[in-house]
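See structure below.
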Amino acid sequence: MWNRKDLVGLKDLSQDQIMEILELAKAMREKIDNKEARKDSLKKFSVLTLFYENSTRTKTSFTMAAEFLGADVNDLGISTSSVKKGESLIDTAKNLDQMGADIMIMRHGMTGAPHLIAKNCRGSVVNAGDGVNEHPTQALLDMFTIHEHKGKFQGLKIVIIGDIKHSRVARSNVFGLTKMGANVVLAGPSTMITSNMKALGADVTSDLNAAVKDADVIIGLRIQLERQKAGMFPDIREYSQLFGINKKLLSLAKDDVIVMHPGPVNRGVEMSTDIIDGDNSLILDQVKNGVAVRMAVIKLLMEGRKNNGITN
Amino acid sequence: MELLIKNGRILDPSTNLDFIGDIYIKNGIIEEIGQDLQYSAEKLIDAKGLWVTPGLIDVHVHLREPGQEYKEDIESGSRSAAKGGFTTICCMPNTKPVVDNEVVVEYINMKAKKAGLVNVLPIGAITKGQEGEILANIGKMAEAGICAISEDGKSVLDANLLRKAMQYASMFDLPILSHCEEPSLATGFMNAGEMSALLGMKEIYPESEEIIVARDIILANNAKAKLHLCHLSTKGSIQLLKEAKLRGEIVTAEVTPHHFTLTEEAVEGYDTNTKVNPPLRTRIDVEAIKCGLRDGIVDIIATDHAPHHIDEKNCEYEVAANGIVGLETSVSLTITELVNKGYLTPIGLVEKMSTNPARMLGIDKGTLEIGKIADITIINPSIEYVVNGQEFESKSKNTPFNGMKLQGKAMYTIVGGQVIMEDGKIRGEIQ
């Protein structure tokens, strides 16, 4: 039975809890296509989105997930809110808590911000990305997609390529996937990975060929162009030629390798167009699975609240 | 008034004393030291089982006055020092306004006198407004009684300007207290290591400190300046310091209790009371710091007492202010972590907390010599207690040591022959 109040990261989840989410997500996915099956199971529950960083797909994905479950969804427009008036994060969250938010879905540019709110509020907090720390629902949807195609995690070779250092997606994936027994390899330019990341339980390398050899799964990460100015790489041309995921690189992986990307993709930079649109790509499936996984997370947290008699 | 301290373990490296005996104080002066002293004194202190040491000196505290009295002021900071066993504290110049001219120095002197507890020695800024562009009024501030200059909180990035400051300060025999930080390598919020990888936190590289340590050692040696390195936190810094000392260069250094007690692992859970600059480092660094103290490489223990209001800590880790209050836990942490674990002898503790600080500053303190002003600390080395920040005299309670069981505590603080703290009570409250 689900007993966690919040979902702030995969670092603290158990294997069983991860599987519970993934299994429920499978049932949830049916509801996306079948309007009749959606049911208003979470009617009268309130979900609030607080995005302190811009987001289109994640926010929409969470919003639709909550709506498919029948919950009331509201968005706190950060740009027009009291944040602009200099209210502290804790004060904002405590106020929203008092208004009766059951679940606050929060993205914030600072590591640990959702953890802080979770500690200070009765409402449940879902981390939709904090600083360079975690993005648990993205990793869960990646894991869902992997599990659907490979039927397992144990023993899979999963390679994550790109700007690992600034990627909360990569970090949540490492926490989740290694917990489930997969072998994770982090690969990218040496300015974007550090040997300290071995502490996460993953292998770390700048040798893309070795990394991709016999891989079951390849996850490409979005390269942020402003990293160029920060001295991480000389230019896009060099990056895409040396570290881009292309046909030649893919040929080193297993024949049935699947290719994923959290989006939005810079076509021809971190991944070539023929890969993005190719047979091995599951990039669009990921998006749909994202809604299903978020439905599962919201449902479990709401049930946990009911089970534990938490009212707000 | 006369004061007689009986049967304490008298510890004083400056006069080579370590014996069980008595001290007689008259008119604020140490009159006699020996065994079985027979005097009728106004106040008698039974120091059986206690250490009697020259008054402890903290060369690195932030008193926040003028300008940020909501965090601390000279009176509350003085009370905090008295409670922690310090008779002399040196306050950093990063106040509002910055201590960059004699007027602010005189203001602090006046406020300290009004508080009337411990000796407060102001430290002047190196540059006007700590802006790193024009020299502060170092000479005028020297006349007003500053004990050193420092740009604490940051480094003077213009090496040529720092070189000139060193040359200029040497005319007044003022030490330069150097905060070592190259900002381009310190854009994050915690040490760059395994924990930052695990916690997903932007990083501060050890090289940020070490590069400036090396630079300042080189500059000071050429300028023949008295360089003192503040709050060293990395193994690499200790190594650079050791090499300079082996070359015979005049350089001293301090470390803080939090840097020899805690590692970066304390940041787990994002407790903002662990946010400090320089950041908490790794086990390897902590061990290097402790060995540096043991081997005489590191001269001084200083707290970098940095009070911050609860609102400045009850927030996102990135937004939270840097700093830890230290005056009231310093003696306990030093005994618990260093004396009890064999890194320092009791005499070694006195050296790091009184003798060496006085020598570095070039002040006539840190000694139990007969005829000197009676600044004395009496410590119970075996008392055990659990830290509770809410009980601090400091206005601020930002400590990462809450709930920690520690051993050793200052029982009496005596300044100029006056007992200003007895068993946790500050003068006025003492029965």
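In what follows, chains are A, B, ... by sequence order, proteins preceding strands, each numbered from 1.
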Next item on the list: Flag the pair A/V132 / B/K202 as yes when at least one side-chain heavy-atom distance between them is below 4.5 Å, and no otherwise.
Entry: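 They are in side-chain contact.
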Next item on the list: Pull out the residues in residues 385-399 of chain B that come under 4.5 Å of chain A, heavy atom to heavy atom, sorted by number.
Entry: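 Listed by number: none.
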Checklist line | Interatomic distance, B/D311 atom CG to A/D91 atom CG [nearest 0.5 angstrom] | finding: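 Going from the CG atom of B/D311 to the CG atom of A/D91 covers 8.0 Å.
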Note to self: As an exercise, state the distance from CG of B/L199 to CD of A/E134, rounded to the nearest 0.5 Å.
What the structure shows: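 Going from the CG atom of B/L199 to the CD atom of A/E134 covers 10.0 Å.
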[X] atom [atom1], neighbour heavy-atom count above 12 within 6.0 Å:
X: B/K290; atom1: NZ; answer: yes
X: A/N54; atom1: CG; answer: no
X: B/R215; atom1: CZ; answer: yes
X: B/K154; atom1: NZ; answer: yes
X: A/K119; atom1: NZ; answer: yes

Next item on the list: Side chain from CB out, backbone as N, CA, C, O: work out which of these in A/K11 comes under 4.5 Å of a heavy atom of chain B, or both, or neither.
Entry: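 Side chain only.
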Notebook entry, point to check: Quick one: what part of A/H108 sits under 4.5 Å from any heavy atom of chain B, side chain, backbone, both or neither?
Noted result: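 For A/H108, the side chain is the part near chain B, not the backbone.
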Pair up each side-chain donor or acceptor in residues 313-323 of chain B with any protein partner under 3.5 Å, not counting sequence neighbours, and list the distances.
residue : atom : partner : partner atom : Å
B/K313  : NZ   : B/T272  : O            : 2.9
B/K313  : NZ   : B/K275  : O            : 3.1
B/K313  : NZ   : B/A321  : O            : 2.7
B/K313  : NZ   : B/G323  : O            : 3.1
B/Y317  : OH   : B/T274  : O            : 3.4
B/Y317  : OH   : B/T274  : OG1          : 2.9
B/Y317  : OH   : B/K275  : N            : 3.3
B/E318  : OE2  : A/T111  : N            : 3.3

Notebook entry, point to check: With respect to B/L198, which candidate in A/N133, A/L200, A/N196 satisfies the side chain to side chain contact (heavy atoms under 4.5 Å, CB included) definition?
Noted result: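 The option that passes is A/L200.
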Checklist line | With sequence neighbours excluded, residues passing side-chain hydrogen bond (donor to acceptor under 3.5 Å, both in side chains) with B/E194 | finding: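 Expected list: none.
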Next item on the list: Not counting sequence neighbours, list each pair that qualifies as a side chain to side chain donor-acceptor pair (under 3.5 Å) and has a residue in residues 135-145 of chain A.
Entry: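 Only A/R107-A/H135, A/T137-A/R294, A/Q138-A/D142, A/D142-A/N173, A/D142-A/Q286, A/T145-A/N289 qualify under side chain to side chain donor-acceptor pair (under 3.5 Å).
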